[in-house]
Amino acid sequence: MRRSRAFIPTTKEAPSDASLASHIYLSRAGFISQVASGLYSYMPLAKRVIKKIENIINEEMAKAGAEEVELSFVTPATLWQESGRIEKFGKELLRFRDRKENLFVLGPTHEEMMVDMVRNRITSYKQLPINLYQIKTKFRDEARPRFGLMRGREFIMKDGYSFHSCVADMDREFDAMEAAYKTILTRLGLDFRIVEADSGAIGGSGSKELMVLAGSGEDTIAVCSKCEYGANVEAAKRSGRAAIPEAPVAEFNKFKTPNIKSIEDLENFFKVDGYYTMKCVAKRAVYEDDSEIVLFFVRGCDTLQEVKAQNATGALDIVDVSEEELRELGLIPGFIGPLEQGCAKHVIDSDLRDAKSMICGANEEEYHFVNVDMSVMSEAYYADIAAVNEGDSCPHCNGTLSFTKGIEVGHIFKLGTTYSAALKAEFLDENGKAQPFVMGTYGMGVSRLVAAVIEQHHDEQGCIWTKATTPYMVNIMISNIKEVSQVEIGEELYAKLQAAHVEVMLDDRKERFGFKMNDAELIGFPYTIIIGKELENGLVQIFERKTKESISVSKDDVFSKIIDLI
RNA sequence: CGGGGUGUAGCUCAGUAUGGUUAGAGUACCUGGUUUGGGACCAGGGGGCCGAAGGUUCGAGUCCUUUCACCCCGACCA
């Protein structure tokens, strides 16, 4: 492509509201253009990057034996009613009616559509397994789109769905997809981690997220210092803590604790570590039809992990409660404990099972119990509801956990029969018995990957594309367009590289050197061949974007040298 | 969905407290010239329904009302 003919509107200034590197540089370098909140148009450079990513996904999916399909973007609302997700998704579903007043939904994900396509077509276990995917625009009417391509309302996603006759086969495919996704991200040149994730409302027996490591990521993940273990903090587990503080010595007793309400107060009052205190976090668990107050107990040194708490209750949502609501139930904020208290349902963190020497509220104004032995509550409901802390021990080895930020670019689920059962998508097994398909689902955010590449690969000058994702591999810069010799060499090299199927840009604009260099760095071509002053000595320079170093090579060798480099 | 902010040239923004010539700057764009290794310089030029609607006033970018859009914090996010 000739730069003089290309539509690449670069700008000196970023949109005032952009804060993320990917948003700033993709806007400034002329890749994307915002149309409305959460809606972006892809300009030629972005389109090329997207195609690169899609090609790699297609190649790896083909290797893994998955077939590409394309489902319609507009989906009938009836399917969403069948699965029950029309309520669950709520306002995120963009709904509208056609001229016949039929209700439709813009597809935010395509489980229902895929199941609908397969049901009654795949009817025997002999036709299984099958793995179908598409790369398609999705629409979710997010409450708050932000960060450019990172969280748009309209975005491109690769979504795949596999159908199996048994759980074991789904597990096998899940592992195969995890491996394929790993290969894709490696090929794209990304530093990533596959982590255990919360399966959330979608259910199923397990899910993993693919996290591109970047400080700007919206998710916090816990990773082990020694082994491969990594997990979203929403789902992270631990085996214990590094050092258990010395236990306080006391007899079981009810102790007067005037105005001692917080964990910090307790620590100071009794001179004990927060480890031996019990924290009560009261929340209202909201179910489909009603709601109730639930008391969550964790150690004073821990914090409640709300996603875990929600899962432990099976609630659709958990929300804060006021002191008044607690008092109405007969609970005394600041002095709530699990003993001798029957006002509300409680969930106790599993780390408190059989805990000794604990201090907890006595459910009486100004009193706490000391030296509580939790084994008296062995019948209570225990669940993992505490957030892991940095420094806790890895659940799989003796390493320690630390936190890092990640961008979720993929999420794979073991769905099981959730959707096939709801949509009555069944096959006949060996015994001629109807069974719902066992399914897996595998998502990857293509447009988000574009942003993730830049989040991980940029500097103060702009984008630094990886070789697998760059819109053009080589940029030939003719330093001074009025120098006929420079133009001749540039054109010759341009033709030669094109003939060799190298993706090449020829910067033939009538601009000054500095302008064109800044532009090239902003866009982020991996290599720029500078044809300029040194041509008198028969030399040109190859500038590498990543290192910002340039080497001089003879004009006769530059072609073979650049072929070696790319 | 709660709280806050901003809408003026393609872009980044002044101007609005206290209403008053023809609405500004930088940048980008067009013409001509000088330049040509890190976003050059000189001269000239085009470009605005001051987000929209209504109101107050002799007079509104500026005051009032309504509305729309966009952004930020939070909640939400298969």
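Order of the sequence lines fixes the chain letters, A, B, ..., with proteins taken first and strands second; residue numbering starts at 1 for each chain. The basis for the numbers below is simple: all heavy atoms, side chains too, and nothing from hydrogens, waters or symmetry mates. Keep in mind that this is a model prediction, so the values were computed, not measured.
Summarising the geometry, the separation between CD on A/E218 and C1' on B/G74 is reported as 13 Å, rounded to the nearest angstrom. Summarising the geometry, the separation between CD on A/Q34 and C1' on B/G10 is reported as 15 Å, rounded to the nearest angstrom. When rounded to the nearest whole Å, the span between CD1 of A/I407 and C1' of B/C77 equals 16 Å. The interatomic distance linking A/H23 (NE2) with B/C71 (C1') rounds to 10 Å, in whole Å. Rounded to whole Å, the distance from CD1 on A/I8 to P on B/A28 is 18 Å. Rounded to an integer number of Å, the gap from CZ of A/F147 to C1' of B/G74 is 12 Å. Going from atom CD of A/E13 over to atom P of B/A9 covers 14 Å, rounded to whole Å. Atoms CZ (A/R151) and P (B/C71) sit 14 Å apart, rounded to a whole Å.
Shortest non-hydrogen contact noted between A/M505 and A/R2 is SD-C, 4.0 Å.
In this structure, A/P15 reaches the sugar-phosphate backbone alone: every heavy-atom distance under 4.0 Å involves primed, P, OP1 or OP2 atoms, never a base. When heavy atoms are screened at a 4.0 angstrom cut-off, A/M150 is found touching no nucleic acid atom at all.
Here the separation of B/U31 from B/G38, taken at their P atoms, is 25 Å to the nearest Å. Comparing the C1' positions of B/A53 and B/C49 gives a spacing of 13 Å, expressed to the nearest Å. B/G26 and B/A14 have their C1' atoms separated by 10 Å, given to the nearest Å. Taking atom C1' on both nucleotides, B/G48 is separated from B/G10 by 12 Å, rounded to a whole Å. Remark: the separation of the C1' atoms in B/C42 and B/G47 is 22 Å, to the nearest Å. Between B/G51 and B/U62, the distance separating the two P atoms is 8 Å to the nearest Å. Nucleotides B/G7 and B/C13, compared at atom C1', are 12 Å apart to the nearest Å. Using atom P as the reference point in both B/C63 and B/G3, the two lie 23 Å apart (nearest Å).
Side-chain N or O atoms of A/R448 include none that pairs as donor or acceptor with a backbone N or O of A/G410 at under 3.5 Å. Although no hydrogens or angles enter the test, the distance criterion places a donor-acceptor pair under 3.5 Å between the side chain of A/Y25 and the main chain of A/E460. Looking only at distances, a side-chain donor or acceptor of A/Q34 sits under 3.5 Å from a matching main-chain atom of A/A36. Using a distance-only test at 3.5 Å, with no hydrogens or angles considered, a donor-acceptor pair links the side chain of A/D459 to the main chain of A/Q461.
Judged as a side chain to side chain donor-acceptor pair (under 3.5 Å), and not counting sequence neighbours, A/E234 has no contacts. Residues satisfying the side chain to side chain donor-acceptor pair (under 3.5 Å) test with A/K158, not counting sequence neighbours, are A/Y181. When the side-chain contact (heavy atoms from CB on, under 4.5 Å) test is applied to A/A520, the partners found at least two apart in sequence or on another chain are A/N475, A/F525, A/T528. A/Q305 meets the side chain to side chain donor-acceptor pair (under 3.5 Å) test with no other residue; sequence neighbours excluded. Among residues two or more places apart in sequence or in another chain, the side chain to side chain donor-acceptor pair (under 3.5 Å) test is passed with A/K47 by none. Partners of A/E67 according to the side-chain contact (heavy atoms from CB on, under 4.5 Å) rule, which considers only residues two or more places apart in sequence or in another chain, are A/L132.
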| field | Derivation of the side chain to side chain contact (heavy atoms under 4.5 Å, CB included) call for A/V49 and A/W465 | value | CA-CA 9 Å; A/V49 174; A/W465 292 100; 3.7 Å; yes
Shorter than 3.5 Å, N or O on both sides, protein versus nucleotides 1-4 of chain B: list them out with atom names.
residue	atom	partner	partner atom	Å
B/C1	OP1	A/K91	NZ	3.2

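Near RNA chain B, meaning a heavy atom under 4.0 Å away, there are no residues from residues 443-455 of chain A.
Listed by first and then second residue, the ring-ring contact (aromatic ring centres under 6.0 Å, His included) pairs that reach into residues 140-163 of chain A are A/F163-A/F437, sequence neighbours excluded.
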Please report, to 0.1 Å, the donor-acceptor pairs under 3.5 Å made by any side chain of residues 70-78 of chain A, with sequence neighbours excluded.
residue	atom	partner	partner atom	Å
A/E70	OE2	A/K136	NZ	2.9
A/S72	OG	A/V74	O	2.6
A/T75	OG1	A/W80	NE1	2.8
A/T75	OG1	A/V105	O	2.9

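In terms of phosphate contacts, A/S37 brings a side-chain nitrogen or oxygen within less than 4.0 Å of OP1 or OP2 of B/C71.
Residue-to-nucleotide proximity on RNA chain B shows that, of A/A36 and A/Q310, the 5′-proximal contact is made by A/A36.
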| request: Report the secondary structure of RNA chain B in dot-bracket form, marking unpaired bases with a dot and bases paired to a different strand with |, and treating Watson-Crick or G-U pairs with both distances under 3.5 Å as paired. | output: (((((((..((((......[...)))).((((((.....)))))).....(((((..]....))))))))))))....
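Glycosidic conformation, B/A17: syn, with the torsion inside 90° of 0.
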| request: Encode nucleotides 34-44 of chain B as B, S and - characters from 5' to 3', where the letter depends on protein heavy atoms closer than 4.0 Å: B to the base, S only to sugar-phosphate, - to neither. | output: -BBBBBB----
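Look at A/R172 and A/D175 and you find no salt bridge, because none of the NZ, NE, NH1 or NH2 atoms lies under 4.0 Å from a carboxylate O.
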